[in-house]
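Written out below as structure tokens is the structure these notes cover.
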Amino acid sequence: MNIGNFIQKTLVAGMVCCAAQLYVSCGDNGDTPTPEKEKTGAFMLSVTGESTEYLLQATDISQGEVSIATNSKTLEQAGYTWVFNRTPSVAVGLIYQQGDPGIGLGYKIDDAGSLQEIGQFQISSRFTSYGFFDRYALTSVGGQTPVDAQGNALVDAAGNPRTDGVTFNFIDLNSGLALQEKTITTLNITGNGEQATLSGIVDTGNGEFLTGLVASQPRDPDATGGASSGRVTYPDSVWVAAFDAGLNLKRIYRDDRISYSSGRFRSQYYSQIGKAGDGSIYVFSGSFESSTSRPCGALKINSGATTFDASYYFNIEEKTDGYRFRKVWHVADHCFLLEMYNDPTVSAIATATQYGIVDMAARTFKWVTGIPAKDQITGTGLPAAHGGKMYFPITAEGANPALYIIDPATAAAVKGLSVSGATSINAVGILTAE
């Protein structure tokens, strides 16, 4: 069965049509609020039942309750990571089946308000980081063994297979999600003789994308788990690489005021780089490494700049009572949502279920209020910024999973749509007609 045709027939009645022109102000930073315009579109949610993943839409996500028993589509596979691109407006479902072929999916919405499948793709390599660049959805994974033109593994001085390869999947949003795989090498990429895992993909808008470098020694071959990094010997430095569409390294931004820019959970590397409304880019560091002496904080790359802004530094940790963060999402203007660890001590399996809003221009931090207590939250999903607010999926003990709508100006949240019959809301996003 064609998934796109099925959804077009069964879900059109549940689409959200929303046109908004809201004035957004993240805080008292002296900026004049500017209108943020949203095109007419449809909200899409990915939810999980007991063992199955569903796509559903609702007429109003700001309130009420819907059930997965009606107005939903069952997917053949579960475990998708759904990401939403604005231009072109596309929803991409990434999946990796623990070594088995994983069929990715993509959708758009047409002028009549109908969802259309735009293609499928298969990712053979796993991915630990993802984002959008130009007309592509990109994934990357480090720790790969590079090969020569004949397919032979490259080896180090001791004759062991190298592990400094990073494999990218370029998923073309304009060509039916055609996929091309490319691998680059990272040995000595920062000039210190080490290799790197890449974290995050942020389109600068000038034909380049930025990604954080987690520089390390090669991974111990006897180590357990799937992380591609080895021992970090320079925990008090940050490196950010700029690549073009051909994966040519254009430059490296480097500084010693913060630690590397990446969140960590098991084998995943979470982007801590975000673009503000004016095109400037903030490079965050949650100071994951226990050996770093740098507090969690952020630096700034001004639009078009080839170096970090020497005059900008934000010590976020001194605003958070010593708590560090793992994930970063842009909300609006210069405001970002941070996923904070529950305890000042962090690790690859530490719990992080409390949240804060940072205004990077004013250099302020506010704890998010109005959401379930941190010890009651059992799961969260990928949020969506829309109309100057953040729509954040949260699952709490004894309650149906729900969206919480966070106002960045106050850091206060109100409960929006909840989904009965679901164990989690995995992601929410909006698709707009082009």
Side-chain angles (χ1 to χ4, degrees), residues 81 94-104 120-131 133-134 136-172 175 177-201 208-234 239-252 254 260 262 264 266-269 271 348:
T81 298
L94 304 169
I95 194 167
Y96 174 70
Q97 296 290 90
Q98 298 297 322
D100 295 325
I103 304 301
Q120 300 183 356
F121 56 92
Q122 180 173 307
I123 292 180
S124 57
S125 64
R126 68 188 183 95
F127 59 91
T128 58
S129 195
Y130 50 83
F133 167 60
D134 193 26
Y136 302 101
L138 263 64
T139 71
S140 71
V141 61
Q144 308 300 294
T145 297
V147 298
D148 61 20
Q150 289 72 45
N152 301 311
L154 300 181
V155 297
D156 60 20
N160 299 313
R162 286 166 46 181
T163 58
D164 61 289
V166 174
T167 297
F168 285 85
N169 289 296
F170 282 72
I171 304 160
D172 195 331
S175 299
L177 303 186
L179 184 147
Q180 184 178 8
E181 184 179 288
K182 302 178 182 180
T183 298
I184 63 172
T185 59
T186 65
L187 185 62
N188 201 35
I189 189 172
T190 61
N192 59 12
E194 298 190 324
Q195 63 186 48
T197 295
L198 309 189
S199 181
I201 295 163
E208 299 175 358
F209 69 89
L210 300 182
T211 182
L213 302 180
V214 182
S216 75
Q217 295 291 320
R219 183 178 182 272
D220 184 346
D222 296 325
T224 58
S228 54
S229 297
R231 184 170 64 90
V232 174
T233 53
Y234 299 95
W239 296 273
V240 174
F243 289 96
D244 64 15
L247 293 182
N248 300 300
L249 178 64
K250 307 302 291 184
R251 78 192 63 84
I252 291 181
R254 59 186 75 220
Y260 64 70
S262 179
R264 303 279 298 274
R266 299 187 187 277
S267 63
Q268 288 295 304
Y269 294 76
S271 176

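Keep in mind that what you see is a predicted model, and the values were worked out from it rather than measured. Start at 1 with the first residue, then count along the sequence.
Residues Phe121 and Leu94 have side chains in contact (heavy-atom distance under 4.5 Å, counting atoms from C-beta outward). Annotation: side chain of Asp164 is not in contact with side chain of Pro218 (no heavy-atom distance under 4.5 Å). Between Leu154 and Asp148 the shortest side-chain heavy-atom distance falls below 4.5 Å.
Nearest approach of Asp156 to Arg162, heavy atoms of both residues: N-CG, 3.7 Å. Taking each heavy atom of Thr128 and Gly142 in turn, the nearest pair found is OG1-N, 4.4 Å. Residue Gly193 comes nearest to Leu187 through the heavy atom pair O-CD1, 3.9 Å, listed as atom of the first residue, atom of the second, then distance. Heavy-atom minimum distance, Thr183 versus Gly165: CG2-CA, 4.3 Å. Summarising the geometry of Glu208 relative to Ala242, their closest heavy-atom pair is OE1-CB, 3.8 Å, with the distance given to 0.1 Å. The two residues Ala227 and Arg266 have their closest heavy-atom pair at CB-O, 4.0 Å.
The CZ atom of Arg126 sits 8.0 Å away from atom CD of Gln268, with the distance rounded to the nearest 0.5 Å. The CD atom of Gln195 sits 5.0 Å away from the OG atom of Ser216 when rounded to the nearest 0.5 Å. In this structure, CG on Leu198 lies 12.0 Å from CG on Leu210, to the nearest 0.5 angstrom. Put simply, OG1 on Thr167 and CD1 on Ile123 are 11.5 Å apart, with the number rounded to the nearest 0.5 Å. Atom-to-atom distance recorded for Ser124:OG and Leu179:CG is 7.5 Å, nearest 0.5 angstrom. Of the inter-residue distances, the one linking Tyr136 atom OH with Phe168 atom CZ reads 13.5 Å to the nearest 0.5 angstrom.
Judged purely by atom type and a 3.5 angstrom limit, Gln217 has no side-chain atom pairing as donor or acceptor with the backbone of Thr233. Within the 3.5 Å criterion, the main-chain N or O of Gly200 finds a donor-acceptor partner in the side chain of Thr211.
Using modelled atom types and a 3.5 Å distance limit, the side chains of Thr197 and Ser228 yield a donor-acceptor pair. Under the 3.5 Å distance criterion, with hydrogens and angles disregarded, no donor-acceptor pair is assigned to the side chains of Gln144 and Ser125. Side chains of Tyr234 and Thr190: a donor-acceptor N/O pair is absent below 3.5 angstrom, by distance only.
Each of Phe209, Phe243, Phe127 was evaluated against Leu138; a single residue qualifies, Phe209, per the side-chain contact (heavy atoms from CB on, under 4.5 Å) test. Under the side chain to side chain donor-acceptor pair (under 3.5 Å) rule, Tyr269 has a single partner from Ser129, Ser262, Ser229, which is Ser229.
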Taking it one step at a time, do Tyr260 and Ser199 satisfy side-chain contact (heavy atoms from CB on, under 4.5 Å)? CA-CA 10 Å; Tyr260 64 70; Ser199 181; over 6 Å; no

Evaluate the side-chain contact (heavy atoms from CB on, under 4.5 Å) criterion for residues Asp134 and Phe170: first the C-alpha distance (whole Å), next the side-chain angles of each, then the deciding distance (0.1 Å), finally the verdict. CA-CA 10 Å; Asp134 193 26; Phe170 282 72; over 6 Å; no

